[in-house]
Amino acid sequence: MSGQIAACVRRAVAESEVGAGDRLPPARELAGSLGVSIHTVLAGYQQLRDEGLIDLRRSRGAVVRGDVSADRAGLAVLIRELVERADRMSVSDEELVGMIRAARVR
């Protein structure tokens, strides 16, 4: 479920429904509305922070980073889909990185 929360935010940024500087719902509020644990929401938010899409601070909450564009968020969506597909196919991280590097050679 935390992955679904992160995916929804990624798509919202990619489709310009949420923009740079916008605050995401407080974790406690979102957890209540979705009927999930606050830890589930925080895990989703932490995933987005690790991807560089949001800042997550105890006093401020979750805020879309100022340097995040819809294009960058769209790329994050595609990368997540690529990783999930590679996982289903049992493609190793090293093999996937190699495939990406090979694709960048022009």
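Computed from a predicted structure; not experimentally measured.
Annotation for Gly44 and Ala6: closest pair O-CB, 3.7 Å, computed over non-hydrogen atoms. Here the closest non-hydrogen pair linking Thr40 and Ser2 is O-CB, 3.2 Å. A pairwise comparison of heavy atoms in Ala70 and Ser16 identifies CB-OG, 3.6 Å as the closest pair. When all heavy atoms of Val64 and Gly19 are compared, the pair lying nearest together is CB-O, 3.3 Å. Counting all heavy atoms, side chain and backbone alike, Pro25 lies closest to Leu30 at CB-CB, 4.3 Å.
Every pair tested for salt bridge (Lys or Arg N to Asp or Glu O under 4.0 Å) that includes a residue from residues 15-35 fails, sequence neighbours excluded, so the list is empty. For the salt bridge (Lys or Arg N to Asp or Glu O under 4.0 Å) condition, the pairs that include at least one residue of residues 58-81, sequence neighbours left out, are Arg11-Glu81, Glu51-Arg80, Arg65-Asp67. Sequence neighbours left out, not one pair with a member in residues 88-103 passes salt bridge (Lys or Arg N to Asp or Glu O under 4.0 Å).
With sequence neighbours excluded, the residues that form a side-chain contact (heavy atoms from CB on, under 4.5 Å) with Ala62 are Leu24, Tyr45, Ile54, Leu56.
Annotation: side chain of Val13 is not in contact with side chain of Leu48 (no heavy-atom distance under 4.5 Å). Side-chain contact between Val9 and Val18 is absent, with no heavy-atom pair separated by less than 4.5 Å.
If you chain together ILVMFWY residues whose side-chain heavy atoms come under 4.5 Å of each other, Ile38 ends up grouped with Leu42. Grouping Ile, Leu, Val, Met, Phe, Trp and Tyr residues whose side-chain heavy atoms lie under 4.5 Å apart, directly or via other members, places Leu96 in a hydrophobic cluster with Leu75, Ile79, Leu82, Val83, Met89, Val91, Met99, Ile100.
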